Amino acid sequence: MKRIRCPKCDEAIQFDETAYEPGRVLVFECPSCSKRFRLRIPTPKVQTSPTDEASQEVSAHFVVLENAFQLRQEIPLREGNNVIGRSVKGTAANAAFKTVDPSIDTTHCIVSVQRRKGELLFSLRDAPSGTGTFYQGNILGLKEQVLLHEGDVVNIGAATLIFHE
C-alpha cells in the first residue's frame, strides 16, 4: 500500500500501487476537500550493463557556471559522442542541462570521448548551432574540432562551461 497526501488539505490517502501498470496516470479526489489531483505511477529505471563501453561514464565533466539563465550544474561525460544543449522534452541531446537561455540550441555542440592507447581524448566541435560554440574565447569554425584539456573554457549562448578531467 502506498500513502499520498492531498496537495490542498494534506489529507492522507492510501491505494495499492501494485494494481496499476508503471507509467499510468491516476486521478484522485480527496474525501475531505474534494480536490482532484493526478499521480503518475513511476516506471522502473532500466539499469545499463557495466560492460556497455559506449555508455560508460568517465571521470570528466563540464561545470556550468551560474548566471541569469541557469543555476550551477555539472554535465557528466560518457565515452562516445556527448551532445550538449538545452534540456527540453524530447531533445536529442544526451548531455543536456537545464536553462531558459533561448540562444542555446537543444543540440548546441558535441564532445567526443575516445580511448586511444589507454588514454582518454576529449574533442569539441559545434553541432552546428545558431549562435556558435566558443573555445577559449574563439569561435569554432564549420567542422573545426579542438582537443579539450583541464580547465578549458567553452561558451555556448550565455552559458560558461569549464572542462574538468
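Given the structure is predicted, the values throughout are model-derived calculations rather than measurements.
- Here the side chain of S32 pairs no donor or acceptor atom with the backbone of E11 at under 3.5 angstrom.
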Kindly indicate, with the supporting measurements, whether the criterion side chain to side chain contact (heavy atoms under 4.5 Å, CB included) is fulfilled by V153 and T160.
CA-CA 7 Å; V153 177; T160 300; 3.7 Å; yes

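- One N or O on the side chain of R86 and one on the backbone of I104 form a donor-acceptor pair closer than 3.5 Å.
- A donor-acceptor contact closer than 3.5 angstrom links the side chains of R125 and S112.
- Looking at S34 and E29, their side chains come closer than 4.5 Å, going by heavy atoms from C-beta outward.
- Remark: side-chain polar atoms of H108 are not paired, donor with acceptor, to backbone N or O of T131 under 3.5 angstrom.
- Enclosure of atom CD in E119 is not indicated, since only 12 or fewer non-hydrogen atoms of other residues, nucleotides or ligands lie within 6.0 angstrom.
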Anything under 3.5 Å between a donor and an acceptor, one on a side chain of residues 145-152, the other on a protein residue two or more places apart or in another chain? List them.
{"from": "Q145", "atom 1": "NE2", "to": "S123", "atom 2": "OG", "distance (Å)": "3.0"}
{"from": "E150", "atom 1": "OE1", "to": "E165", "atom 2": "N", "distance (Å)": "2.7"}
{"from": "E150", "atom 1": "OE2", "to": "H164", "atom 2": "ND1", "distance (Å)": "2.8"}
{"from": "D152", "atom 1": "OD2", "to": "Y135", "atom 2": "OH", "distance (Å)": "2.7"}
{"from": "D152", "atom 1": "OD2", "to": "H149", "atom 2": "N", "distance (Å)": "2.7"}

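- In this structure, I75 and H61 have side chains that are not in contact, with every pair of non-hydrogen atoms separated by 4.5 Å or more.
- Annotation for I84 and A93: closest pair C-CB, 4.5 Å, computed over non-hydrogen atoms.
- Listed by chain and number, the residues in a side chain to side chain donor-acceptor pair (under 3.5 Å) with R3 amount to none (sequence neighbours excluded).
- In this model, a donor atom of one side chain and an acceptor atom of the other lie less than 3.5 Å apart for D16 and T18.
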Check the pair V63, L161 against side chain to side chain contact (heavy atoms under 4.5 Å, CB included), reporting the backbone distance first and the verdict last.
CA-CA 5 Å; V63 172; L161 289 71; over 6 Å; no

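- Looking only at side-chain heavy atoms (C-beta outward), F69 and P102 come within less than 4.5 Å of each other.
- Remark: the T107 side chain and the D105 side chain contain no N/O donor-acceptor pair separated by less than 3.5 Å.
- Under the 4.5 Å side-chain criterion, counting only non-hydrogen atoms from C-beta, I110 is not in contact with L124.
- Between the side chain of N82 and the backbone N or O of V111 there is at least one donor-acceptor pair closer than 3.5 Å.
- Nearest heavy-atom pair across T91 and T106 is OG1-O, 3.4 Å.
- The CZ atom of F97 sits 11.5 Å away from atom CG of L71, with the distance rounded to the nearest 0.5 Å.
- Contact check for C30 versus C9: side-chain heavy atoms found under the 4.5 Å cut-off.
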Side chain to side chain contact (heavy atoms under 4.5 Å, CB included) between S129 and C109: does it pass, once the steps are laid out?
CA-CA 7 Å; S129 62; C109 61; over 6 Å; no

Check step by step if side chain to side chain contact (heavy atoms under 4.5 Å, CB included) holds for E74 and F62.
CA-CA 6 Å; E74 287 190 6; F62 275 109; over 6 Å; no

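- Contact of the Q70 side chain with the V64 side chain is registered, since non-hydrogen atoms from C-beta on lie closer than 4.5 Å.
- Considering CD1 of I156 and OG1 of T99, their distance stands at 8.5 Å, rounded to 0.5 Å.
- Remark: the backbone N or O of L121 is not paired with any side-chain donor or acceptor of Q114 at under 3.5 angstrom.
- Apart from L39 itself, the hydrophobic cluster it occupies contains I4, I13, F15, Y20, L26, F28, F37, I41, where clustering links Ile, Leu, Val, Met, Phe, Trp and Tyr at side-chain heavy-atom distances under 4.5 Å.
- Side-chain N or O atoms of Q73 include one that pairs as donor or acceptor with a backbone N or O of K98 at under 3.5 Å.
- Of the possible polar contacts, one joining the N67 side chain to the A158 backbone as a donor-acceptor pair under 3.5 Å is found.
- In this structure, E79 pairs ionically with R115, as a charged nitrogen and a carboxylate oxygen lie closer than 4.0 Å.
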